[in-house]
There are 4 protein chains.
Amino acid sequence: MAEDADPARRSIGARRNPDSAEAILQAAETVLVEAGYAGFSIEAVARRARAGKPTIYRWWPSKAALLLEVYQRQKRVDVPDTGRLEEDLVGFLKNLFAHWRETSSGSVFRSLIAEAQSDETAAAALADYSLGRRSHTAQIIERAKARGEIPAEIDSAVVADLIASFAWRHLLTNRLDEDEATIGKAVNYVMRGIAAPAS
Amino acid sequence: MAEDADPARRSIGARRNPDSAEAILQAAETVLVEAGYAGFSIEAVARRARAGKPTIYRWWPSKAALLLEVYQRQKRVDVPDTGRLEEDLVGFLKNLFAHWRETSSGSVFRSLIAEAQSDETAAAALADYSLGRRSHTAQIIERAKARGEIPAEIDSAVVADLIASFAWRHLLTNRLDEDEATIGKAVNYVMRGIAAPAS
Amino acid sequence: MAEDADPARRSIGARRNPDSAEAILQAAETVLVEAGYAGFSIEAVARRARAGKPTIYRWWPSKAALLLEVYQRQKRVDVPDTGRLEEDLVGFLKNLFAHWRETSSGSVFRSLIAEAQSDETAAAALADYSLGRRSHTAQIIERAKARGEIPAEIDSAVVADLIASFAWRHLLTNRLDEDEATIGKAVNYVMRGIAAPAS
Amino acid sequence: MAEDADPARRSIGARRNPDSAEAILQAAETVLVEAGYAGFSIEAVARRARAGKPTIYRWWPSKAALLLEVYQRQKRVDVPDTGRLEEDLVGFLKNLFAHWRETSSGSVFRSLIAEAQSDETAAAALADYSLGRRSHTAQIIERAKARGEIPAEIDSAVVADLIASFAWRHLLTNRLDEDEATIGKAVNYVMRGIAAPAS
DNA sequence: TCATAAACGAGACGGTACGTCATGTCTTTTT
DNA sequence: AAAAAGACATGACGTACCGTCTCGTTTATGA
């Protein structure tokens, strides 16, 4: 996981050095994976990236900003389009859990959420990001509306919220390896409801 | 608000001094409310409580332990029992949001969740606590099962999880003042499902 | 070097428990030998002696007092009486160095001197003790005066001071294993002087 | 006195800030004079110097190192050269006592000796320093040898040791205001010896 | 062409908090 | 009455990071 391509990276003149930025983002990710959020400090990232702390502060005014960019660099999770909403949602959650579990994304996003609890700007950034993601997720639902699978008056934002909340809580409580059946149930309840059919 | 009933609290012999414990828990809560999770340090709590740091560390081995006890001391939120599950769930969420909004509980619980992202023991403690709460919430659902309102084969743990997740995410993203209608929708979707009725 | 004859020493009622006192003094000596002055704390002594700190503070108001008693308990060094002052002084120094080197006395006395540099009462106690010792040493010289070996007008206190100073400095600078010849020279210079004989 | 020439001393780049070093050494001296060795803590020095503790630890790895540098910064005591050894030695001791008495040097050096009793590195540093000073003092004696005042076979190191020991003990036992006559006697005994002339 | 400006690594700076240790005082319980 | 036990407030220990600063170097750009 080496991050120091060149042993002595230098300024490349009066502009941002992409190598440095890359090294810093790489280092941030590595530190987060190796030492967790507890060991994630600007100091540690700078050491690992062989970068000066001011270089980091110049481009990322806060830990949150750095975390956010690290998260955004990562591959997005696939949103399936099977033609059936329930399958789409289950597939999405399965993919998301696997993504969070198997890459560093989970650690990064957890850290970002944690950071947002003490850092106002992190909270704002996370809110922005979440808004974007939610509307993205809502598209799955909108597609289902278009297909007539669900009524038009369903508030897709709320549904997306329910789904995302379920994912967040599993991430935050270390339950990403949850049984697939549980995911299925959760989605099914949202799809079909839990009330007994009016007989 | 005041935490120093006696200006010079002393040892009361070879056993825990309840006054000190009380002062420390009070101070922890006050610090958290006034300065937020970012300003919540053992140092600050000790200062505010006029207690020694070792006294805190003696009884609460980690920030997490202190946070957890502060949270548990607080009044529990009412779980309504109206005889109709949907009303119960909506009422529960409304009460919970109000509780989190209007008392320090929200700040405390947020902090606890954040702490759990970097502290293993905090994570374990939170998991324990959540388990207890979830089963508690599940009782609402079990009651509905008993009434025949919902089928017996519904996994009440998953339902409780959906509800709790929704609450957590609103807490963590500063959306406790969410429109009541939204809560209603969310619960309704879980109750009735979002799928269009098979026509 | 066990100091706890009985694993559960108890109070013996309303009077000083000699076993405790003994255990504490033993423990003080042991701690000093094993951990040096740096590790010599009331806390450590209490732990080692299985005694309560207040018990120590009751009988020895300061570290200095404890050190002093530990030092005084120890066997005194022999003061030879060979009938010749020079031999007496050399013998005394040799015995003293050996005593300091081979028993815990050296460590204890060093610590006492060090303690006296920051503790006023220790300084006073040390001054008292030194006065006694000096007059004791001066007796060697007085005997020589009586024998007519040295003139009566010699200030034996100053001579004792010179000899004691030499010893102290060797103790304080870890030079107790100094060559015997050096001791001989030092005493010889004091006895015969270093000036060239008036020819 | 005052230690904060500039109210907000800052870093001057990636190298040692002489202002900070100066402020710290000044503060160390002041603290030692005002509060004695007992009150001499890195914490106190940092407070007084308005410096961060890590800054002190960066440059002086131990209290001993700081003490030593404080001592070495101070003006050296004059070594007289009157042409007569006895006068030189008496003058040297008088100057030394006055220097120790009237400046902070006495306190500093006492503390250094005390520190050396518990800190190995302090002991080594002190030994080094003493060696240098002893050879320095020995020069007085060597000069006397050159003049034929004393025989060549006199071990000047031992003589210097006797003189320095006398000074140390007076310092360590608060007897720097000793009668001048006593100093005279001590030197005289070393010069002429105390033995009665062979009649 | 060459001065300027910006970015770089490095690392020192004044601070705050960490978690631990020792201090000397206190009270309860036991003998 | 004294001892054990151990909790207490206090404060120093030495370390890790914080975010800011200045250095000396490097390179692209613009006068």
Trainee: Between F:dC18 atom P and A:Asp119 atom CG, what is the distance in whole Å?
Mentor: 13 Å

Trainee: If I take atom CG in residue A:Asp19 and atom P in nucleotide F:dT26, what distance separates them, rounded to the nearest angstrom?
Mentor: 17 Å

Trainee: Could you tell me how far apart B:Arg16 (CZ) and F:dA9 (P) are, to the nearest whole angstrom?
Mentor: 12 Å

Trainee: Map A:Ile24 and B:Glu43 onto DNA chain E by nearest heavy atom, then report which one ends up closer to the 5' terminus.
Mentor: A:Ile24

Trainee: Using only side-chain N and O atoms of B:Arg58, determine if any of them is under 4.0 Å from OP1 or OP2 of F:dC8.
Mentor: yes

Trainee: Select from D:Pro54 and B:Trp59 the residue whose nearest nucleotide in DNA chain F is closer to the 5' end of that strand.
Mentor: B:Trp59

Trainee: From E:dC8, F:dG14, F:dT20, pick the nucleotide closest to the side chain of D:Tyr57?
Mentor: F:dG14

Trainee: I'd like to check the side chain to side chain donor-acceptor pair (under 3.5 Å) partners of B:Thr121; sequence neighbours left out, ordered by chain and number.
Mentor: B:Asp119

Trainee: Looking at D:Glu120, I want to see if its CD is surrounded by more than 12 non-hydrogen atoms of other residues, nucleotides or ligands under 6.0 Å.
Mentor: no

Trainee: Taking atom P of E:dA22 as reference, at what distance in whole Å does atom CG of C:Leu66 sit?
Mentor: 15 Å

Trainee: Between E:dA12 and D:Arg10, is there an OP1 or OP2 to side-chain N/O distance shorter than 4.0 Å?
Mentor: no

Trainee: For B:Asn17 and E:dT28, what is the distance between atoms CG and C1' respectively, to the nearest whole Å?
Mentor: 13 Å

Trainee: Is a side-chain donor-acceptor pair under 3.5 Å present for A:Tyr37 with A:Glu115?
Mentor: yes

Trainee: With distance as the sole criterion, do the side chain of A:Lys53 and the base of E:dG11 form a donor-acceptor contact below 3.5 Å?
Mentor: no

Trainee: Which nucleotide, E:dC8, E:dG14, E:dA12, lies nearest any side-chain atom of D:Ser11?
Mentor: E:dA12

Trainee: Go through F:dT10, E:dC8, E:dG11 for me and flag the one nearest to the A:Arg9 side chain.
Mentor: E:dC8

Trainee: For B:Tyr129 and B:Tyr71, take the angle between the two ring planes, folded into 0 to 90°, and tell me which bin it lands in: parallel under 30, tilted 30 to 60, perpendicular over 60.
Mentor: perpendicular

Trainee: I'd like to know if D:Ser41 reaches the base of F:dA12 with its side chain such that a donor and an acceptor end up less than 3.5 angstrom apart.
Mentor: no

Trainee: Given that D:Arg15 and B:Pro18 both sit by DNA chain F, which one's nearest nucleotide is further toward the 5' end?
Mentor: B:Pro18

Trainee: Examine E:dG14: is either OP1 or OP2 under 4.0 Å from a nitrogen or oxygen in the side chain of D:Thr55? Give yes or no.
Mentor: yes

Trainee: In terms of the nearest nucleotide of DNA chain E, which residue is placed more toward the 5' end: A:Ser20 or C:Gly39?
Mentor: A:Ser20

Trainee: Atom CD of residue position D:Glu22 - does it have more than 12 heavy atoms of other residues, nucleotides or ligands inside 6.0 Å?
Mentor: yes

Trainee: State whether A:Arg50 places a side-chain N or O below 4.0 Å from either non-bridging phosphate oxygen (OP1 or OP2) of E:dA10.
Mentor: yes

Trainee: What is the distance, rounded to the nearest whole Å, between atom CD1 of D:Ile56 and atom C1' of E:dC13?
Mentor: 12 Å

Trainee: Return the nearest nucleotide to the side chain of C:Lys63; candidates are F:dC17, F:dA4, E:dT23.
Mentor: E:dT23

Trainee: Please report the distance, rounded to the nearest Å, between CH2 in A:Trp60 and C1' in F:dC18.
Mentor: 18 Å

Trainee: List in chain and number order the residues that pass side chain to side chain donor-acceptor pair (under 3.5 Å) with A:Tyr57, two or more places apart in sequence or in another chain; answer none if no residue qualifies.
Mentor: none

Trainee: In whole angstrom, what separates C:Ile42's CD1 from F:dT10's P?
Mentor: 22 Å

